[in-house]
*Asks:* 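Before we start, here is the structure in question, set down as structure tokens.
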Amino acid sequence: MGTAAADGRVNISPKGQDTLRVLDANRVAWLNLTGSGNETAAHLLAVNRITLMWCAFEGKPNILRLYGTATVYHPRDAEWAELLPLFPPLPGARQIVVVEVELVQTSCGMAVPFFDYRAERNGLHETARPRAGGAVLAHPQPRRQAEDLRQQELITLVLKTKAAPATTGAAFGIWAQPNLSASAVVKLCIVSLSLPRYVSIHSRFRQLFAH
């Protein structure tokens, strides 16, 4: 699965487990489990495009790609309750991504090697499964997940509001959290945009993260 924002990294992520469903002729749903990053949801906030790819590791060499746009549903959304029963109960479920397929394309997979399937890994389930007393084993990078999404939300807010710097800077107070990296956010919002009218936002960020 691949996504990308206008700038920065292209995210390509392999998937496993029983997490994909075909909803109808033009839609598929994918259950997103917790992981070290959250770039898929972050990218879709800025640029709504997504590609899913399958490779044949046995039989005829073939590659299948689905191209489209996506809607991300969270547990707080009404659609979550409708879509979640389509999947088996998996610990760590955090989002359901519904892809509107615009193009289906196949190509040869002559360079894809043969692989024999052995088993699914259980590490992700062990990480997300509640422990005795209701505690959940801490994921090694929970802060990274929050930062990926929060930083893209900030960038998207800048691009959509197109307000005066002072107004836009004040609006960022809604998104600011003390546990995020100020330098990373400032770099993404100021340096990557490279727009002089946003320079004053830099000082606003310093105030928000000063504590």
Side-chain angles (χ1 to χ4, degrees), residues 1-23 27-58 62-75 77 79-80 83-84 86-107 109 111-113 115 117-129 136-156 180-181 184 188 192:
M1 180 276 303
T3 56
D7 298 301
R9 298 168 297 188
V10 176
N11 183 57
I12 303 173
S13 180
K15 300 300 176 185
Q17 309 294 332
D18 187 11
T19 56
L20 185 77
R21 294 292 181 270
V22 177
L23 300 181
R27 295 187 306 151
V28 298
W30 158 57
L31 181 65
N32 186 13
L33 306 178
T34 187
S36 56
N38 200 14
E39 290 185 314
T40 299
H43 286 166
L44 290 172
L45 277 172
V47 180
N48 191 355
R49 59 181 181 181
I50 188 170
T51 301
L52 282 68
M53 184 181 80
W54 291 262
C55 295
F57 295 124
E58 61 182 24
N62 195 24
I63 295 173
L64 171 69
R65 293 182 179 90
L66 303 185
Y67 301 90
T69 59
T71 303
V72 180
Y73 297 108
H74 301 82
D77 299 318
E79 292 83 356
W80 175 270
L83 295 167
L84 189 61
L86 299 175
F87 303 95
L90 296 173
R94 61 179 176 182
Q95 295 151 352
I96 297 176
V97 180
V98 175
V99 179
E100 295 282 346
V101 180
E102 299 172 349
L103 175 67
V104 177
Q105 185 181 68
T106 60
S107 60
V112 178
F115 281 113
Y117 175 79
R118 292 176 56 190
E120 298 283 357
R121 297 178 186 267
N122 294 321
L124 183 62
H125 298 330
E126 293 301 319
T127 299
R129 184 175 291 114
V136 176
L137 182 65
H139 195 277
Q141 292 183 316
R143 179 171 172 175
R144 166 69 184 281
Q145 295 182 35
E147 287 195 13
D148 283 345
L149 189 57
R150 188 74 64 174
Q151 288 169 10
Q152 194 59 62
E153 286 174 335
L154 289 166
I155 294 173
T156 304
L180 299 185
S181 166
L188 283 169
S192 66

*Asks:* Can you tell me how far the CG atom of Leu64 sits from the OG atom of Ser107, to the nearest 0.5 Å?
*Replies:* 8.5 Å
*Asks:* Atom CZ in Arg94, atom NE2 in His74: separation rounded to 0.5 Å?
*Replies:* 9.0 Å
*Asks:* Looking at every non-hydrogen atom in both residues, tell me the closest pair between Val47 and Ala6 and how far apart they are.
*Replies:* CG2-N, 3.6 Å
*Asks:* So Val98 and Arg27, side chain to side chain contact (heavy atoms under 4.5 Å, CB included) or not? Walk me through it.
*Replies:* CA-CA 7 Å; Val98 175; Arg27 295 187 306 151; 4.2 Å; yes
*Asks:* Are Asp18 and Phe87 side-chain neighbours, meaning at least one heavy-atom pair lies under 4.5 Å?
*Replies:* no
*Asks:* Nearest 0.5 Å, please: how far is CG in Leu33 from NZ in Lys15?
*Replies:* 8.0 Å
*Asks:* For the side-chain contact (heavy atoms from CB on, under 4.5 Å) test, which of Thr71, Thr3, Thr69 pairs with Asn48?
*Replies:* Thr69
*Asks:* What distance separates Tyr67 OH from Thr51 OG1, expressed to the nearest 0.5 Å?
*Replies:* 5.5 Å
*Asks:* Does the pair Leu66 and Val99 meet the rule for a side chain to side chain contact (heavy atoms under 4.5 Å, CB included), with working shown?
*Replies:* CA-CA 9 Å; Leu66 303 185; Val99 179; 5.7 Å; no
*Asks:* Quick check against the 3.5 Å criterion: does Glu39 have a side-chain atom that pairs as donor or acceptor with the backbone of Ala4?
*Replies:* no
*Asks:* Going from CE on Met1 to OG1 on Thr40, what distance comes out if it is rounded to the nearest 0.5 angstrom?
*Replies:* 3.0 Å
*Asks:* Between Arg21 and Pro88, which heavy-atom pair has the shortest distance, and what is it?
*Replies:* NH2-CD, 3.6 Å
*Asks:* Distance from Leu83 atom CG to Leu31 atom CG, nearest 0.5 Å?
*Replies:* 10.0 Å
*Asks:* Do Asn32 and Asn38 come close enough that some side-chain heavy atom pair is under 4.5 Å?
*Replies:* yes
*Asks:* Give the C-alpha distance, both sets of side-chain angles, the deciding distance and a yes or no for side chain to side chain contact (heavy atoms under 4.5 Å, CB included) between Asn62 and Val112.
*Replies:* CA-CA 8 Å; Asn62 195 24; Val112 178; over 6 Å; no
*Asks:* Please walk me through it: do Leu23 and Leu86 pass side chain to side chain contact (heavy atoms under 4.5 Å, CB included)?
*Replies:* CA-CA 9 Å; Leu23 300 181; Leu86 299 175; 3.6 Å; yes
